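So the structure is just underneath, and the comments pick up after that.
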Amino acid sequence: MENTNLGGNVDPILTGLLKPKSIAIIGASSNPDKIGYTVVKNLNESGYEGGIYPVNPKDPEILGHKAYPSVKDIPYVVDAAVITVPAKVVLPVIKECGEKGVKGAIIITSGFAEVGDHATEDALVATAKQYGMRILGPNIIGTLSNSDKMNASFAGFLPYDGKATMVSQSGALLIALDAASYSRGVGFDKMISIGNMSDVNFADLITYLTDDPHTSCISLYVEGLKNGPRFMEAARKCTKPIVALKSGVSAHGAAAAASHTGSLAGSSKIYEAAFKQAGISQATDLNDLFDRTLAFSLQPPMRGDNLLVITNGGGVGVLATDAAERAGIPLRFAPEDVQQELKKHMPEFGSAKNPVDITGQGGHEWYYASTKFAYAHPWVDGLTVLYCETAVTEPMDIAQAIHKAIVDSGVTGKPVSVSFVGGERSDKAMRWIVEQGIPCYNAPDLAVKALGALREEARIEENRQSGTYNPENVDGQKAREIIAAARAKGRTALTEVEAKQVFAAYDLPVTATELATSEDEAVRMANSIGYPIVMKIVSPDILHKSDAGAVKVNIKDEQGVREAYKVIMDNSLAYKADAFIDGIAIQEMAPWATEVIVGSVNDSTFGPTVMFGLGGIFVEVLKDVTFSVAPINLAEAEAMQDDIKSAPILRGVRGESPRDRKALAKVLANYAYMIYDLKDEVAESDANPVIVYEEGKGVKVVDARIILTKK
Ligand code: ADP
Ligand code: MG
């Protein structure tokens with residue numbers, strides 16, 4: 001059946017670029033040393049059935065095709081133009097393509113932004129835009145598609161055929177992966193080189209591939225993104241698994257940031273957070289990228305936690321058990337009736353526990369019977385079948401038995417993975433079973449890890465339903481007025497009192513605070529708030545108040561207020577003689593409980609980002625913090641609390657009662673909403689500390705800091 005989405009959602013211009021009915025090769029050549037020759041040759045050899053129109057001012061014919069002096073001389077419709085001419089003539093060529101009505105330009109030529117020439121690259125995009133044309137590249141190897149029999153690149157051949165699509169920011173790597181797809185047996189429908197991403201970017205391609213009937217999994221090699229939020233939006237909307245390998249981690253922005261949060265944020269952590277939030281599976285290295293791609297492209301998500309492992313060897317069984325634990329799907333024993341049935345298909349000394357060990361004597365009949373029964377049983381959410389090569393069994397027989405068992409079970413929609421450990425015979429069997437659509441790996445832990453990734457994929461699908469968060473009782477206007485008033489005084493930092501007013505405007509539970517400008521006023525305010533109280537200096541010039549000896553806690557009476565007033569004033573002026581002083585904050589004293597820190601940075605790629613961790617040594621020494629790109633919903637806010645290593649402290653350990661995680665989730669979500677809403681105004685902020693009480697008793701923000709953006 002035709003995909004009904006086609007033509008509806010799919011951008012016709014991008015379709016022209018990626019699935020062209022005709023291609024002009026500008027810079028085509030009869031000289032085998034030229035890329036323009038290789039591209040025409042590759043189109044021929046891949047069996048491309050659309051129009052192939054070489055463009056070359058001198059040659060009348062190239063590799064069997066009539067050539068034209070310019071793209072405008074081609075008397076047919078041209079969907080895509082592959083451009084291989086030198087950098088300095090690309091711009092006029094783009095203009096001609098636009099005039100010709102070409103839908104997309106695939107610019108292989110390099111020598112633009114990647115060598116510092118942003119101006120020419122910008123001009124290419126601007127020119128293309130005038131004509132409604134899209135650009136892939138520049139600085140790419142081209143694009144390859146098995147389903148279109150199209151090798152519009154200078155990579156030697158189409159990838160090993162399959163259902164994944166790879167998008168790579170590195171062209172050289174893509175050529176290597178193209179070759180590796182054969183040796184690894186990981187199949188791709190398309191490989192798309194994205195290069196400088198002057199126009200078409202990852203987000204465009206994710207959106208396009210979401211509706212591509214030939215792509216079942218999207219595999220990305222990412223060095224850096226230009227527009228983080230758009231990327232996340234496209235990934236969130238994508239209903240297919242996406243796996244990404246991110247490289248090129250730098251500390252951009254982090255070093256320059258002045259606040260605590262800034263120094264803890266590295267772009268790699270924020271990328272990691274953003275990928276996770278967007279439902280992208282993260283590969284740790286190239287092998288892992290291929291392993292995950294294989295699983296995602298061939299198998300459905302795993303919708304429950306019950307993994308059953310069948311093995312013929314104890315060693316691989318134990319390795320699989322360890323891997324299951326690491327992958328977050330620890331093995332459990334199957335119910336008694338399942339064990340009883342499995343017992344029938346193994347020798348006396350076998351084990352029907354999990355892993356199910358049919359022993360080294362396990363031949364293809366036993367593999368068949370146990371696999372078929374286990375795969376069909378409703379208790380089993382995912383199945384991994386392991387095989388260790390033995391002298392008495394033939395790997396290909398086992399592979400065929402496993403495959404037949406899966407088919408004969410009549411069950412679909414449940415993931416299965418296989419591992420064959422052995423020599424050449426096993427490798428052959430492994431390749432065969434992958435061709436039947438069952439991911440097979442040469443190590444037991446990889447087969448289990450594949451199911452771990454598919455389990456994670458099911459959770460991603462569930463989270464996709466969780467929706468956005470719209471906090472109540474928010475007064476953004478009031479927050480902006482407070483900020484404007486501070487700016488009017490030429491300030492770029494808010495005092496704690498102002499910052500808390502902004503926080504309160506986003507319904508964050510701050511301690512009751514008043515600003516006293518004399519001792520008598522301080523006493524009156526303290527009496528009305530009620531003892532004990534806390535007193536702190538309020539000065540735009542003293543942002544780290546305790547460093548200046550300008551915080552006094554647990555003040556119990558009028559006398560104490562008067563003493564503290566003098567001491568705080570003296571200490572502040574000793575700390576910074578010319579400090580401008582607004583006064584002294586008189587503040588409700590929050591009882592001590594678990595201290596956490598919430599902070600924000602404005603990341604150059606993803607924008608406002610929340611940081612969260614436990615206070616004290618957890619953040620200072622252990623740097624046990626987690627990030628989320630704002631805004632976040634309540635489910636994500638709870639997930640952040642589980643993401644730190646010290647998470648058990650919030651859940652309650654060793655007789656300690658659990659903390660109010662719900663109230664904390666609301667604080668995190670409202671805070672994220674605030675920094676997102678005020679992203680043009682707030683450069684950095686933090687709430688340090690926030691005190692989290694027992695379940696049901698809420699949360700208090702006792703300190704607040706906001707640094708404004710430079711305008
Ligand atoms: P700064 O971070 O600028 O040094 P804070 O306002 O965070 O100043 O105060 C320092 C410490 O004093 C806090 O970490 C907290 O332990 C304690 N503290 C401050 N305000 C309160 C309050 N209202 N209730 C209870 N403890 C407080
Ligand atoms: Mg503080």
Side-chain angles (χ1 to χ4, degrees), residues 258-264 491 493-504 508-516 522 525-557 560-561 564-565 567-569 571-576 579-601 610-621 625 649 659-660 663 667 671 684-694 697-707:
S259 76
H260 201 168
T261 312
S263 62
L264 287 163
R491 304 217 316 256
L494 299 191
T495 63
E496 180 188 328
V497 171
E498 292 161 337
K500 277 188 175 164
Q501 287 167 353
V502 172
F503 278 33
L508 289 162
V510 295
T511 42
T513 300
E514 295 195 61
L515 179 64
M525 288 170 172
N527 286 340
S528 92
I529 287 174
Y531 297 96
I533 57 145
V534 174
M535 291 170 68
K536 305 177 194 174
I537 195 70
V538 180
S539 161
D541 300 323
I542 304 175
L543 292 179
H544 298 274
K545 301 172 294 280
S546 1
D547 290 356
V551 177
K552 296 289 166 207
V553 300
N554 205 16
I555 297 162
K556 294 196 172 91
D557 51 29
V561 174
Y565 198 96
V567 173
I568 290 174
M569 279 300 177
N571 286 353
S572 299
L573 292 172
Y575 182 75
K576 199 165 192 294
F580 181 90
I581 290 171
D582 283 349
I584 288 183
I586 311 300
Q587 200 167 99
E588 135 194 29
M589 173 139 160
W592 189 87
T594 305
E595 282 190 15
V596 301
I597 156 168
V598 179
S600 78
V601 285
V610 197
M611 185 201 78
F612 166 73
L614 257 62
I617 57 157
F618 295 103
V619 56
E620 305 284 345
V621 182
V625 293
I649 291 173
R659 305 287 104 181
D660 200 335
V667 164
Y671 181 85
E684 291 170 42
S685 70
D686 63 36
N688 180 18
V690 175
I691 301 180
V692 188
Y693 297 101
E694 278 175 28
K697 302 229 167 104
V699 173
K700 263 299 181 220
V701 176
V702 306
D703 185 19
R705 189 174 3 247
I706 289 180
I707 313 284

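What you see is a predicted model; the values in this text were computed from it and never measured. Each ligand, and each atom within it, is numbered from 1 in the order the structure gives.
Scanning the protein heavy atoms around atom 17 (C) of ligand 1, the nearest turns out to be Val553 CG1, 4.0 Å. Given atom 3 (O) of ligand 1, the protein heavy atom at minimum distance is Lys545 N, 2.8 Å. The nearest heavy-atom contact from the protein to atom 14 (O) of ligand 1 is Pro689 CD, 3.4 Å. For atom 6 (O) of ligand 1, the closest non-hydrogen atom of the protein is Lys536 NZ, 2.7 Å. At the top of the distance list for atom 22 (C) of ligand 1, counting protein heavy atoms only, stands Val534 CG2, 3.5 Å.
If you number the atoms of ligand 1 from 1 as listed, the ones under 4.0 Å from a heavy atom of Glu595 come out as 16 (O). Every atom of ligand 1 is numbered from 1 in the order shown, and the set under 4.0 Å from a heavy atom of Glu496 is 6 (O). Residue Ala590 has at least one heavy-atom neighbour below 4.0 Å for each of these atoms of ligand 1: 22 (C), 24 (N), 25 (C). Of all atoms in ligand 1, listed by their number and element, those nearer than 4.0 Å to a heavy atom of Asp703 are 1 (P), 2 (O), 3 (O), 5 (P), 6 (O), 7 (O), 8 (O). Those atoms of ligand 1 with a heavy atom of His544 less than 4.0 angstrom away are 3 (O). Numbered from 1 in the order shown, with element, the atoms of ligand 1 that lie under 4.0 Å from a heavy atom of Gln587 read 20 (N), 21 (C), 22 (C), 23 (N). The ligand atoms of ligand 1 that sit less than 4.0 angstrom from a heavy atom of Ser546 are 1 (P), 4 (O), 8 (O), 10 (C). Interface atoms of ligand 1 facing Asn688, defined by a heavy-atom separation under 4.0 Å, are 7 (O).
When the ring-ring contact (aromatic ring centres under 6.0 Å, His included) test is applied to Tyr565, no partner is found at least two apart in sequence or on another chain.
Within a 4.0 Å radius of atom 10 (C) of ligand 1, the protein has at least one heavy atom.
A donor-acceptor pair under 3.5 Å is formed between the side chain of Asp660 and the backbone N or O of Lys697. Judged purely by atom type and a 3.5 angstrom limit, Lys500 has no side-chain atom pairing as donor or acceptor with the backbone of Ala512. For the pair Thr511 (side chain) and Glu588 (backbone), a donor-acceptor distance under 3.5 Å is absent. Panel note: side chain Asp541, backbone Phe580; a donor-acceptor pair is recorded below 3.5 Å.
The nearest pair of heavy atoms linking Ala579 to Ser539 is CB-OG, 4.1 Å. Residues Ser546 and Val551 come closest through the heavy atom pair N-CG2, 3.7 Å. In terms of heavy-atom proximity, Ile555 sits nearest to Ala564 at CD1-CB, 3.6 Å.
Residue-to-ligand polar distances keep Met589 apart from ligand 1: every N/O pair is separated by 3.5 Å or more. For a threshold of 3.5 Å applied to N or O pairs, the pair formed by Asp547 and ligand 1 contains no separation below that value.
Proximity of Lys700 to ligand 1, defined as any heavy-atom pair under 4.0 Å, is not found for any part of the residue. Contacts between Leu543 and ligand 1 below 4.0 angstrom, taking non-hydrogen atoms only, involve the backbone exclusively.
The line from NZ of Lys545 to CD1 of Ile537 is 10.5 Å long, rounded to the nearest 0.5 Å. Atom CD of Glu694 sits about 9.5 Å away from atom OG1 of Thr594, to the nearest 0.5 Å. Here the CE atom belonging to Met535 is positioned 5.0 Å from the CD1 atom belonging to Ile584, to the nearest 0.5 angstrom. Here the CD1-CD distance, from Ile529 to Glu514, works out to 5.0 Å after rounding to the nearest 0.5 Å. Met589 CE to Lys556 NZ: the interatomic distance, rounded to the nearest 0.5 Å, is 8.0 Å. Expressed to the nearest 0.5 Å, how far CD1 of Ile581 lies from OG1 of Thr495 amounts to 12.5 Å.
Near the Mg ion (ligand 2), less than 2.8 Å away, sit the protein N, O or S atoms Asn688 O, Asp703 OD2.
A salt bridge links Arg705 to Asp686: one of the charged nitrogens lies within less than 4.0 Å of a carboxylate oxygen.
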